[in-house]
Each structure stands twice: as structure tokens, then as C-alpha cells.
K.L.:
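One structure, pasted below without further comment.
In what follows, every heavy atom counts, from backbone to side chain, and hydrogens, waters and symmetry copies are set aside.
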Amino acid sequence: MRSDLSSILSFIPFRFASPIGRPRSIAILVFGLVCTVIPTHVIAQQSPPTTQPDTRPNVIIVYTDDQGFGDVSSMNPDAKFATPNMDRLAKEGLTFTNAHSSDSVCTPSRYGLLTGRYSWRTTLKQGVMNAEGKCLIADGRMTLASFLRDQGYQTGMVGKWHLGMQFPGTPKNRDWSKPVRDMPLDKGFDHFFGIPASLNYGVLAWFDGRHAAVPPKSWTGKKPNKRHVDYRIQPPYLDTEGEARKRFKNTTIEVADDFIDNQCLTRFTDKAIEWITEITAEPATGSTSTNPPFFLYLPLTSPHYPVCPLPEFWGQGDCGGYGEFVIETDHHLGRLLDHLDATGLSDNTLIILTSDNGPEKSWKQRIQDFGHHSNGPYRGGKRDIYEGGHRVPMLARWPNGIQQPGRSSDALVGQVDLLATVSELLGQSFPDDAAEDSQSFASILLDPSHEHHRAPLINHGVRGEFAITASKWKWIAPNRFKDKGELYNLASDPAESKDIASDHPQVARRLQAALTKIVLNGRSTPGKPQPNDTGYWEDLRWMDPSEYSQPSP
């Protein structure tokens with residue numbers, strides 16, 4: 001595949017990285033030299049024996065929900081609110097200005113981040129999942145959590161899952177004494193506290209492991225929100241689904257009596273800090289063991305609907321309730337950073353903050369009411385195939401690893417790249433049937449002079465649209481809404497204001513060929529071709545069904 005794609009895209013100035021997992025960073029080589037064998041006479045003098053400290057970095061991913069490119073004040077000089085803790089990550093680390101979620105909506109982006117594989121390769125071709133259902137991550141598929149757990153990391157998730165889980169019984173016949181299955185604890189995480197999906201889906205309760213402390217035996221729906229043009233999930237709740245349907249005339253939600261939407265950020269941050277405190281506690285006196293590193297996945301529920309900032313944040317900023325909610329989100333990030341500082345964990349913790357997609361459709365109203373552009377200078381927002389739908393904030397801090405902190409990178413990177421990045425930092429590899437679309441950007445962290453050239457990046461819209469970006473060019477494939485493809489030069493037209501496909505037909509043809517190859521090979525990185533999970537589907541309309549042939553597993 002490597003030679004095929006290289007020939008197809010020879011007109012574009014980029015190169016493929018070496019195979020995923022091959023240790024190639026200077027930091028890893030230096031680490032190997034430092035860990036030379038201690039002379040035996042020195043070992044003999046040691047009593048009692050000591051254990052070498054584990055210098056591998058802790059990893060934290062803070063995943064915000066519907067936060068646009070322009071919703072970080074350090075990335076948007078005209079922002080109508082301040083995000084000092086996000087800005088701190090930028091000042092003490094690295095800002096990615098060309099980072100992308102793999103889709104413009106929730107579930108598929110989360111799948112891509114955790115697996116390093118595009119979600120459209122699965123059975124989910126459009127939209128998002130409900131709270132309940134078979135998990136989109138197949139049994140046995142490697143995730144960031146399972147990879148790091150196998151490297152000896154302690155792995156924890158706190159927050160919103162939204163990749164499917166299987167509850168006991170049916171909505172009309174639940175047995176909450178039985179455990180939840182096919183959920184984070186089955187996908188590589190040792191610890192889970194959180195909620196199944198977005199706050200407008202299915203089942204809402206505080207799940208700790210496989211059970212909710214207070215089972216979701218009541219019912220509710222969307223209630224009016226006085227601070228934003230959306231809804232609230234708050235008591236009082238109703239006893240039966242019938243009562244809820246009669247009152248709300250919309251999708252009903254199973255809910256625990258102690259659940260309140262505006263408690264999510266506080267609870268998630270509290271639980272994340274509690275878990276970090278527990279697993280990093282000092283070993284018992286006289287013990288020769290050391291705590292292994294940890295991985296925390298912290299997917300928050302903000303600033304996704306319902307926009308429900310706590311009262312202490314009301315009136316802050318100049319962007320109404322939405323600005324208040326982002327300010328509260330930033331506040332809780334600050335609590336986490338303060339805890340890392342207080343416990344001496346900051347220096348060797350790689351913390352990455354990014355968002356699952358662009359801003360919700362209320363971004364248009366914020367421009368009119370407050371002059372705030374949640375999508376930054378880009379076109380569109382959540383659900384769109386244009387840049388505003390998937391070009392998102394991404395900030396990274398790691399004092400022990402990131403060189404020349406405070407810089408920015410405009411290199412093309414995707415959230416699907418996180419698994420390969422962590423793998424390279426640890427000097428590990430993984431098999432051909434894992435992280436098929438993940439390309440490491442570790443060198444950007446470690447080497448300020450490194451020129452990162454990523455293989456073409458695929459983006460995807462809520463209605464099944466495809467786009468491919470290579471270097472400065474972005475081609476949007478024909479889809480059910482537009483019969484012809486669109487071509488944009490992102491270097492000269494980042495707002496995608498002028499379709500130039502008719503001016504550069506050869507570029508469009510080459511990008512179309514590259515997209516076809518990436519779809520058919522089941523991967524976009526070097527390695528053995530892999531099958532997608534389904535046969536041909538309607539959204540591949542730029543290719544004929546007869547072209548769709550899959551490699552053997």
C-alpha cells in the first residue's frame with residue numbers, strides 16, 4: 001500500500017512515516033543509553049535492593065464536547081471569555097492549530113480517538129449511537145486503554161462514554177442489581193465512573209464500575225433552560241415512562257433520582273482527582289515497589305447541551321450562558337492541573353486537551369448576539385464536513401518531554417493519531433489489525449525543528465460525507481447532497497469560500513484516487529491491508545460498487 005499511495009500522491013510534498021511502533025525518537029534512544037547495566041560490584045553493595053523509578057509519562061486526555069476552535073482564548077484573540085487554564089496548557093506546552101477530530105459528531109470521533117481507526121470502517125456509517133446498544137468497539141480490538149494497560153499502566157476513565165453499553169433487561173423490565181456489560185471495563189479500562197452517553201440519550205445515572213449507586217428507575221425528558229436555547233435534565237422526575245411521554249412529548253429518559261445535569265463537571269473532576277490520588281499513593285514503608293504510570297481518559301459533557309453552568313459562574317465573560325459554561329469547564333481543568341502540581345505529577349504527565357467536534361449550531365446566534373466565533377475563522381460547525389465541523393482545539397503539555405514549550409504547530413494531525421504517538425513514545429509496536437489509521441506525531445513534541453508530513457487525513461460528516469486532506473488541498477467527495485466533489489486550497493482559503501475543483505481537475509482526481517485506496521485497503525498507514533467491517537455502502541458514491549473489493553482478514 002505504501003508504494004501505491006506514494007505514487008498516487010507524488011504531486012503532494014509529503015512522505016510516509018516509518019512503520020508504526022518502530023522506536024525512532026531521540027528521546028527513546030537516549031533513554032536506552034541511560035539505562036545501561038550497573039556494575040555487579042555496585043549492585044552487591046546495595047542493601048536492601050532498590051527499584052529503578054518508572055520514567056514513562058502518565059497520560060491524561062481531557063476530551064471536551066462540542067468545543068469549537070474559537071472557544072480557547074489563547075487560540076482566538078477576539079474570544080468573548082477567557083480560558084486561563086487552557087491558555088496555561090498552551091503557554092507551558094504546545095498548541096496544534098491544524099488538529100482534527102475524525103468525525104463532526106460524537107460517537108465516531110470517540111471511536112477514532114480510542115482505537116486509532118476511522119469509525120466509518122465499522123457498521124456506524126452516519127450519526128451517533130444511543131446510550132444503550134452493542135459497543136461500537138469490537139471485542140478484542142486494541143484501544144489506547146488496552147494498549148497502555150498491557151504496558152503496565154493503570155487505566156481509568158471518568159466521564160461520558162457514548163460508544164454503546166448493554167444494560168440489564170429492557171426499559172420496561174430492568175434488573176439494576178445485574179452488571180452492565182460491553183462497556184469501558186471491557187475495553188481496557190481498570191476503572192470507570194461516568195455516564196453512558198450524552199445527557200439527551202437513554203439512561204442517566206452515576207455509574208461506578210458496572211453499577212449505579214442509585215439505579216435509574218425514574219423518568220424525565222427535556223425541560224426548559226433559562227440560560228440557553230436548549231434544555232435541562234433536573235428533578236423533579238416522574239415515576240413512569242407513560243407519565244414522561246404524556247408530559248414531554250419527546251424521547252423519554254431513564255434517570256436516577258440523584259442525577260442533576262449541572263453536577264457532571266464537578267463530579268467528574270472530583271472522581272478523576274480521587275482516582276489519581278488513590279493510584280499514586282506512597283508505597284508502604286519498606287516496600288521496594290513503585291507506582292506504575294497511569295492513563296486517565298476524562299471525556300467531559302461540556303459545552304455540549306444542556307448548557308448549564310453552576311450559579312457561581314453566572315455573569316462571567318461576555319458570551320451569555322455558553323461563555324459561562326466554557327469558563328466553568330476551564331475552572332475544572334484548573335483543578336486538575338493544580339492537583340498534578342500539588343502532588344509532583346505535572347512534570348512527567350502528558351496531558352492533552354481536545355474536543356470531539358466543532359461547536360453546536362447555536363454558534364451562529366453567538367456571532368449575532370456577542371460577536372463570538374466558536375468556529376474561529378472556519379466554515380460550519382458540528383455535523384458539517386467543512387473545517388468548522390472537525391478542526392478543533394488541541395493543546396498538549398508535558399514538561400519532561402515537550403521541547404521549547406509555548407510554541408504552535410500547524411502540522412496536520414488527527415485524534416486518530418494518539419495511539420501511534422503514545423506507542424512511539426514508549427518504543428512499542430502493535431499488530432497490523434490495530435490502529436490502522438494512526439500516525440505518530442511524537443516528533444512534533446520532541447523536536448521543534450521536525451517537519452511533520454502526515455499521510456492524507458480523512459474527515460467525515462454526520463450524514464456520511466467524506467473529505468480527504470493532503471498538504472494544502474482538501475477534496476470533499478460527492479455525496480447525497482452534492483453530485484460533484486469540491487476542492488479547496490486551505491493555505492490560501494482556510495474558510496473554504498471558493499470551490500476550485502474546476503480549476504484543478506487533476507488534483508481532484510488524484511485525491512479521489514487516494515481516498516478510494518484508503519477506503520479499500522482498510523488502513524491509511526503502512527502495513528498489511530485490512531478489511532472494513534461491512535461491504536459497500538451508499539456514501540461511497542464516488543466509486544462504483546464493483547470497485548469495492550476487500551482484503552482477507
Side-chain angles (χ1 to χ4, degrees), residues 60-76 78-90 95-110 112-113 128 159-160 162 198-199 228 230 264-265 268-269 297-309 313 316-317 319-334 336-337 351-367 370 372-378 380-384 386-396 413-415 418 462:
I60 298 176
I61 296 175
V62 180
Y63 208 31
T64 55
D65 199 339
D66 294 1
Q67 182 181 13
F69 186 95
D71 289 333
V72 176
S73 55
S74 64
M75 299 178 70
N76 180 6
D78 297 320
K80 301 305 178 183
F81 48 80
T83 55
N85 294 295
M86 297 179 198
D87 296 353
R88 179 184 171 192
L89 290 181
T95 300
F96 291 88
T97 59
N98 196 5
H100 299 258
S101 56
S102 62
D103 207 287
S104 60
V105 285
C106 177
T107 298
S109 290
R110 290 161 200 273
L113 181 146
V128 301
K160 168 187 163 181
H162 211 164
S198 298
L199 296 176
H228 200 260
D230 50 46
C264 285
L265 299 184
F268 293 160
T269 309
Y297 174 49
L298 182 58
L300 302 176
T301 50
S302 59
H304 188 288
Y305 292 174
V307 172
C308 50
F313 297 95
Q316 296 190 26
C319 196
Y322 183 85
E324 297 164 356
F325 206 28
V326 179
I327 290 169
E328 181 183 356
T329 304
D330 184 80
H331 165 78
H332 291 290
L333 172 65
L336 178 62
L337 296 180
I351 180 168
I352 295 174
L353 180 138
T354 189
S355 173
D356 64 344
N357 46 249
E360 184 52 275
K361 58 186 177 182
S362 55
W363 64 268
K364 298 177 182 179
Q365 192 64 42
R366 285 194 290 281
I367 295 175
F370 306 106
H372 177 79
H373 292 253
S374 284
N375 56 352
Y378 301 108
K382 180 177 180 177
R383 303 177 186 86
D384 292 330
Y386 299 106
E387 292 291 285
H390 50 79
R391 191 184 290 221
V392 292
M394 190 155 93
L395 309 167
V413 299
Q415 292 171 0
L418 288 171
V462 66

K.L.:
Determine whether a donor-acceptor pair (N or O, by modelled atom type, separation under 3.5 Å) exists between the side chain of Q415 and the backbone of S355.
P.N.:
yes
K.L.:
For the pair S73 (side chain) and T83 (backbone), establish whether a donor and an acceptor sit closer than 3.5 Å, ignoring hydrogens and angles.
P.N.:
yes
K.L.:
Any sub-3.5 Å donor-acceptor pair from S104's side-chain atoms to H390's backbone N or O?
P.N.:
no
K.L.:
Is the backbone of S302 close enough, under 3.5 Å, to the side chain of T64 for a donor and an acceptor to pair up by distance?
P.N.:
no
K.L.:
Please round to the nearest 0.5 Å and tell me the distance separating atom CZ of R391 and atom OG of S101.
P.N.:
11.5 Å
K.L.:
Just do the side chain to side chain contact (heavy atoms under 4.5 Å, CB included) check on T269 and H331 with the steps written out, would you?
P.N.:
CA-CA 10 Å; T269 309; H331 165 78; over 6 Å; no
K.L.:
So, Y305 versus S362: side-chain donor-acceptor pair below 3.5 Å or not?
P.N.:
yes
K.L.:
Please answer whether the main-chain N or O of K80 pairs with a side-chain N or O of H372 as donor and acceptor at a distance below 3.5 Å.
P.N.:
yes
K.L.:
Rounded to the nearest 0.5 Å, how far does CD of E360 lie from CZ of R366?
P.N.:
9.0 Å
K.L.:
Evaluate the criterion side chain to side chain contact (heavy atoms under 4.5 Å, CB included) for residue pair H373 and D78; output intermediate values, then yes/no.
P.N.:
CA-CA 8 Å; H373 292 253; D78 297 320; over 6 Å; no
K.L.:
Give a yes or no on whether the backbone of P393 and the side-chain of T354 come within a donor-acceptor separation of less than 3.5 Å.
P.N.:
yes
K.L.:
With rounding to the nearest 0.5 Å, note down the distance linking CZ in F81 to CG in D330.
P.N.:
9.5 Å
K.L.:
Using a 3.5 Å distance criterion without hydrogens, assess whether the side chain of N375 forms a donor-acceptor pair with backbone atoms of G68.
P.N.:
no
K.L.:
Would you kindly say whether S374 and D71 are connected by a side-chain donor-acceptor distance under 3.5 Å?
P.N.:
yes
K.L.:
Salt bridge check: are K361 and D66 linked by an N-O gap of less than 4.0 Å?
P.N.:
no
K.L.:
Is the backbone N or O of S74 less than 3.5 Å from a side-chain atom of D87, with the two atoms forming a donor-acceptor pair by type?
P.N.:
yes
K.L.:
I would like to know whether L199 and C264 meet side chain to side chain contact (heavy atoms under 4.5 Å, CB included); could you show each step before the answer?
P.N.:
CA-CA 10 Å; L199 296 176; C264 285; 4.1 Å; yes
K.L.:
Check step by step if salt bridge (charged side-chain N to carboxylate O under 4.0 Å, His left out) holds for D65 and R110.
P.N.:
CA-CA 10 Å; D65 199 339; R110 290 161 200 273; 3.3 Å; yes
K.L.:
If you round to the nearest 0.5 Å, how far is OG1 of T95 from CG of L89?
P.N.:
8.5 Å
K.L.:
Between T107 and H162, which heavy-atom pair has the shortest distance, and what is it?
P.N.:
OG1-O, 3.0 Å
K.L.:
State the OG1-CG distance between T329 and L333, to the nearest 0.5 angstrom.
P.N.:
9.5 Å
K.L.:
For the NE2 atom of H228 and the CD atom of Q365, what is their distance to the nearest 0.5 Å?
P.N.:
9.0 Å
K.L.:
Quick one: sort the Y378 and F69 rings into parallel, tilted or perpendicular, breaks at 30° and 60°.
P.N.:
perpendicular
K.L.:
Verify side chain to side chain contact (heavy atoms under 4.5 Å, CB included) between N357 and V462, making sure each step is shown before the conclusion.
P.N.:
CA-CA 11 Å; N357 46 249; V462 66; over 6 Å; no
K.L.:
Please check this pair: side chain of D230 against backbone of P306, looking for a donor-acceptor N/O pair closer than 3.5 Å.
P.N.:
no
